[in-house]
Amino acid sequence: MNSSRWAIIYCPKQGVQRSQRRWERIREILEKHGVEYDFVQSESPDSVGRLTTMLVGNGYRTLIIVGGDSALNRALNGLILMGEEAVRNVALGIIPNGRGNDFATFWGFTEDNDEQTVEWLIKRRLRRVDVGFIRKTAAAESEGDDGNDDVRYFLNCVNIGLVANIMKLKYKTRRIFGLTTLTYFASMFLLLFQRLETKMRFHVNEEHVERKVMTVCIGNCRGYGQTPSAIPYNGMLDVTVVSQPEVTQLFEGMVMLFTGKFLNHKKVRAYRTTRHILFEETHHATISIDGLVLKNYHSPLEVGLLPEYIDFIIPS
């Protein structure tokens with residue numbers, strides 16, 4: 001295997017027409033720059049991890065994901081499943097092609113500039129980045145789970161509570177409506193009937209938190225605006241805890257989220273930690289990582305960090 005040859009996994013956007021045109025545009029740019037590569041298309045979101053292990057097992061050292069945060073997350077977990085030697089030898093790269101491109105955007109990769117992205121990937125400037133993890137504790141594993149996926153890894157964030165619930169509703173309504181606009185309207189409508197706060201009990205730094213909260217975000221990166229100061233190479237996790245605001249404060253918080261001032265909201269409590277965050281009780285709140293909703297994950301749980309764990313290709 002030529003060590004410079006890329007393995008590319010193309011993950012089409014679900015429910016979007018003309019997805020092949022997107023790949024054809026990328027293919028033309030790759031061939032224009034003389035990139036040697038082999039290409040596979042995922043037949044479903046769940047196949048990305050399996051394709052990753054297959055390609056890495058065949059000796060590829062550069063794995064490029066054409067997809068969003070969730071596709072990158074599946075590839076990350078597939079790579080780590082291969083063991084430490086594979087993690088040391090393989091570099092991950094991204095060509096944004098998803099509805100959530102938070103991790104790619106942090107580095108400056110955008111979906112509307114594929115030519116620039118390919119040029120950066122060709123230069124192969126590597127950065128060792130932190131990888132977060134969420135792990136079931138022994139107590140959680142003993143409550144009837146099948147023992148699979150006891151540890152899941154993430155590059156962007158973990159959400160527990162309302163934001164994760166929005167992700168869950170979005171996936172459900174997408175299967176029904178397909179179209180993006182209808183999906184979001186349906187999700188917002190169903191959200192009116194959801195419980196907006198959950199009593200949680202957890203430890204962060206030296207503090208023991210026990211209160212009703214709307215959502216908790218643990219960010220290795222921006223966390224979709226909820227952990228805007230998080231940096232995926234400083235060996236720290238940012239944590240935001242949002243208490244349920246009044247209706248007027250809720251709209252104010254949404255504005256602050258989109259303007260980068262989210263941490264200034266009076267109902268937001270922020271932490272930064274190098275330690276593991278231990279969740280003793282989440283009362284079966286919905287949990288998501290990098291936009292993916294986790295099944296059979298419930299407290300007690302542990303969230304932590306593996307500093308400078310994988311090589312990621314960043315802009316030059």
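Note that the structure is predicted; figures quoted are calculated from it, not measured.
The OG1 atom of Thr53 sits 10.0 Å away from atom CG of Asn58, with the distance rounded to the nearest 0.5 Å. Separation of atoms CG (Leu55) and CD1 (Ile64) is listed at 11.5 Å; rounding is to 0.5 Å. A distance of 5.5 Å separates CD in Glu280 from NE2 in His208, rounded to the nearest 0.5 Å. With values rounded to the nearest 0.5 angstrom, Cys221 atom SG is found 5.0 Å from Asn156 atom CG. Of the inter-residue distances, the one linking Ile277 atom CD1 with Ile218 atom CD1 reads 4.5 Å to the nearest 0.5 angstrom. Taking CG from Leu301 and CG from Asp150, the interatomic distance works out to 10.5 Å, rounded to the nearest 0.5 Å.
A chain of hydrophobic side-chain contacts below 4.5 Å, direct or via other Ile, Leu, Val, Met, Phe, Trp or Tyr residues, connects Val209 to Ile160. At a threshold of 4.5 Å between side-chain heavy atoms, the hydrophobic network of Ile, Leu, Val, Met, Phe, Trp and Tyr places Tyr309 and Met82 in one connected group. Connection of Leu76 to Tyr233 is established within a shared hydrophobic cluster, with ILVMFWY side chains joined at heavy-atom distances below 4.5 Å, either directly or through further cluster members. Linking Ile, Leu, Val, Met, Phe, Trp and Tyr whenever their side-chain heavy atoms come within less than 4.5 Å leaves Val213 and Leu278 in two separate clusters. Follow the hydrophobic side-chain contacts under 4.5 Å out from Tyr271 and you reach Met200 in the same cluster.
Between the side chains of Asp38 and Tyr60, at least one donor-acceptor pair of N or O atoms lies under 3.5 Å.
Residues satisfying the side chain to side chain contact (heavy atoms under 4.5 Å, CB included) criterion with Glu111, sequence neighbours excluded, are Lys13, Arg22, Pro96, Asn97, Asn101. In this structure, Tyr153 has no ring-ring contact (aromatic ring centres under 6.0 Å, His included) partners at least two apart in sequence or on a different chain. In terms of the side chain to side chain contact (heavy atoms under 4.5 Å, CB included) criterion, residue partners of Arg50 (sequence neighbours excluded) are, by chain and number, Glu43, Ser47. Partners of Phe279 by ring-ring contact (aromatic ring centres under 6.0 Å, His included), not counting sequence neighbours, listed by chain and number: Phe202. Applying the side chain to side chain donor-acceptor pair (under 3.5 Å) test to Asn89 and every residue at least two apart in sequence or in another chain returns nothing. For the ring-ring contact (aromatic ring centres under 6.0 Å, His included) test, residues two or more places apart in sequence or in another chain that qualify with Phe109 are Trp120. Residues passing the side chain to side chain contact (heavy atoms under 4.5 Å, CB included) test with Arg275, sequence neighbours excluded: Glu206, Thr273. Partners of Leu305 by side chain to side chain contact (heavy atoms under 4.5 Å, CB included), not counting sequence neighbours, listed by chain and number: Asp130, Asn220, Leu237. Taking Glu31 as the reference, Arg27 meet the side chain to side chain donor-acceptor pair (under 3.5 Å) condition, with sequence neighbours excluded. For the salt bridge (Lys or Arg N to Asp or Glu O under 4.0 Å) test, no residue two or more places apart in sequence or in another chain qualifies with Asp112. The ring-ring contact (aromatic ring centres under 6.0 Å, His included) test applied to His33 returns no partner, not counting sequence neighbours.
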Exercise for review: Go through the steps to decide whether Arg152 and Asn73 satisfy the test side-chain contact (heavy atoms from CB on, under 4.5 Å), and finish with yes or no.
Suggested key: CA-CA 9 Å; Arg152 292 296 302 269; Asn73 179 276; 3.4 Å; yes

Practice item. I would like to know whether Ile314 and Leu126 meet side-chain contact (heavy atoms from CB on, under 4.5 Å); could you show each step before the answer? Key: CA-CA 6 Å; Ile314 66 173; Leu126 301 182; over 6 Å; no

Exercise for review: Starting from the C-alpha separation in whole Å, work towards a yes-or-no answer on side-chain hydrogen bond (donor to acceptor under 3.5 Å, both in side chains) for Thr240 and Gln226.
Suggested key: CA-CA 7 Å; Thr240 58; Gln226 299 166 91; 5.1 Å; no

Practice item. For the pair Arg272 and Asp238, evaluate salt bridge (charged side-chain N to carboxylate O under 4.0 Å, His left out) and give the outcome as yes or no after the intermediate values. Key: CA-CA 5 Å; Arg272 175 165 284 179; Asp238 283 20; 2.7 Å; yes

Check your understanding: Run the side-chain contact (heavy atoms from CB on, under 4.5 Å) check on Val239 and Val216 step by step: do they pass?
Key -> CA-CA 7 Å; Val239 183; Val216 176; 4.2 Å; yes

Practice item. Show your working on side-chain hydrogen bond (donor to acceptor under 3.5 Å, both in side chains) between Asn159 and Tyr224 and close with a plain yes or no. Key: CA-CA 10 Å; Asn159 281 297; Tyr224 304 108; over 6 Å; no

Check your understanding: Does the side-chain contact (heavy atoms from CB on, under 4.5 Å) test come out yes or no for Leu72 and Phe154, once each step is laid out?
Key -> CA-CA 9 Å; Leu72 188 61; Phe154 63 93; over 6 Å; no

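The minimum heavy-atom distance between Val151 and Asn77, with the atom names listed, is O-OD1, 4.5 Å. The nearest pair of heavy atoms linking Thr110 to Thr117 is O-OG1, 3.9 Å. Smallest separation of non-hydrogen atoms from Leu79 and Leu92: CD2-CG, 4.3 Å. Listed here is the closest heavy atom pair of Arg5 and Tyr37: NH2-O, 3.3 Å. Heavy atoms only, all atoms of each residue included: Val48 and Ile9 are closest at O-CD1, 4.1 Å. Taking all atoms of both residues into account, the shortest heavy-atom contact from Ser243 to Arg211 is OG-NH1, 3.9 Å.
A salt bridge links Asp46 with Arg74: at least one charged nitrogen is closer than 4.0 Å to a carboxylate oxygen. Using a 4.0 Å cut-off between charged side-chain N and carboxylate O, Arg222 and Asp102 make no salt bridge. In this structure, Glu302 does not pair ionically with Lys136, as no charged nitrogen and carboxylate oxygen lie closer than 4.0 Å.
Between Leu51 and Ser42, some side-chain heavy-atom pair lies under the 4.5 Å cut-off. Considering only heavy atoms from C-beta on, Val293 stays 4.5 Å or farther from Ile287 through its side chain. At least one side-chain heavy atom of Thr62 sits less than 4.5 Å from a side-chain heavy atom of Ile313. Residues Pro12 and Gln41 have side chains in contact (heavy-atom distance under 4.5 Å, counting atoms from C-beta outward).
In this structure, Phe103 and Trp107 have perpendicular ring planes: the angle between them is above 60°, well past the 30° mark. In this pair, His276 and Phe133 present their aromatic rings perpendicular. The plane angle is above 60°, beyond the 30 to 60° band.
Under the salt bridge (Lys or Arg N to Asp or Glu O under 4.0 Å) criterion, the residue pairs touching residues 304-316 are Arg128-Asp311, with sequence neighbours excluded.
In summary, the aromatic rings of Phe39 and Trp23 are positioned with their centroids under 6.0 Å apart.
Few gaps surround CD on Glu207; more than 12 heavy atoms of other groups in view lie less than 6.0 Å from it.
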